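This report concerns only the one structure given below.
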Amino acid sequence: MRYSDADHRLLSALRDCGAQPRVAAVARAISLAGEHGAVWLAGGVLAAAVDRERRGGWLRGAVVVAGAHLVSMGVKRVVRRPRPTAREPLVRTAGWHSFPSSHATSAAAATVAYGALRPAGARLVPPLAAAMCVSRLVVGVHYPSDVLAGALLGAATARLGAGWVGSPPFPGGSQPVGNPQPPGHPHPPLLTTGAPA
C-alpha cells in the first residue's frame with residue numbers, strides 16, 4: 001500500500017514532538033495503557049462495578065470494544081502494511097503490521113459504546129481517545145492514515161453493537177415486578193370504585 005506525502009509529513013511533524021522528554025514520556029504511557037485495548041476494557045469493568053444501574057450496558061460495551069479490537073487485528077493480517085521505519089520508534093510494538101491502528105480502533109469503539117451510557121462517558125472518553133490516537137503518531141509506530149482508518153473502523157463496529165449495548169436489562173424492555181414505572185415517574189392513581197375500568 002502506498003503512502004501519501006501528507007502521511008509522511010504529518011507523521012514526521014508529530015514524531016518530532018517526541019523529541020521532548022516530557023512529551024515522549026506521556027505518549028509512551030498512553031500508548032502502553034492502550035495496548036490490546038486494556039485501558040478501555042478496564043474502564044468498562046470499573047464503570048460496571050460502580051454504576052449498578054447500567055452494569056450490563058458497561059459490560060456489553062466492553063465486549064464491543066474487545067470485538068472491535070479483534071476485527072482490527074484481522075484486518076491487519078489481511079492488509080499487512082509495514083510500520084514506519086524512517087525513524088526509531090519510542091515504544092515496542094506487539095506486531096509488525098501498521099494498518100489499521102488497533103489502539104485507534106479500540107479508542108473509537110469505547111467513545112461510541114461508553115459515550116452513549118452516561119453523560120460523563122460522553123465527556124471523558126473522547127479526549128482520552130483522541131490522546132490515544134495522537135500518541136501513536138508521536139511514538140512513531142503508525143501513519144496518520146492508519147490511525148484514521150482504525151478510528152473509523154472502531155466507530156463503525158461500535159455503531160453496529162450500539163443497540164445491544166444500550167438494550168434494557170429486562171427482556172422486551174419490561175420493568176421488574178414491583179417496579180412498574182421508571183424511577184421518578186408517579187404511579188397511576190388507584191381506582192377507588194368497584195366499577196370496571
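Note: hydrogens, waters and symmetry copies are ignored here, and every other heavy atom, side chains too, is used. Here the structure is a predicted model, which is why all the values come from computation and not from measurement.
Using a 4.5 Å heavy-atom cutoff, the side chains of Val71 and Leu153 are in contact. For the pair Val79 and His97, the minimum side-chain heavy-atom distance is 4.5 Å or more. Residues Trp58 and Val50 fail the side-chain proximity criterion, which asks for heavy atoms closer than 4.5 Å. Within the 4.5 Å cutoff, no side-chain heavy atoms of Arg80 are placed close to those of Trp96. The closest side-chain heavy-atom distance from Trp40 to Met132 is below 4.5 Å.
The side chain to side chain contact (heavy atoms under 4.5 Å, CB included) test with Pro144 singles out one residue from Leu14, Val134, Asp7, and that residue is Asp7.
Proximity of a side-chain donor or acceptor of Arg15 to a complementary backbone N or O of Glu88 within less than 3.5 Å is detected. For Arg60 (side chain) and Trp164 (main-chain N/O), a donor-acceptor pair under 3.5 Å exists by modelled atom type.
Counting non-hydrogen atoms of neighbouring residues, nucleotides and ligands closer than 6.0 angstrom, the CZ atom of Arg55 exceeds 12 such neighbours. Within 6.0 Å of CZ on Arg87 lie more than 12 heavy atoms contributed by other residues, nucleotides or ligands.
The pair Glu53-Arg118 meets the salt-bridge criterion, since a charged nitrogen lies less than 4.0 angstrom from a carboxylate oxygen.
The ring of Phe99 has its center no closer than 6.0 angstrom to the ring center of His142.
No path of Ile, Leu, Val, Met, Phe, Trp and Tyr side chains, each step under 4.5 Å between heavy atoms, connects Ile30 with Leu148, placing them in separate hydrophobic clusters. Residues Val64 and Leu128 are members of one and the same hydrophobic cluster, defined by side-chain heavy-atom contacts under 4.5 angstrom among Ile, Leu, Val, Met, Phe, Trp and Tyr.
One distance of note links NZ of Lys76 with CZ of Arg83; it measures 4.5 Å at 0.5 Å rounding. In this structure, CG in Leu59 is found 11.0 Å from CG in Leu41, a value given to the nearest 0.5 Å.
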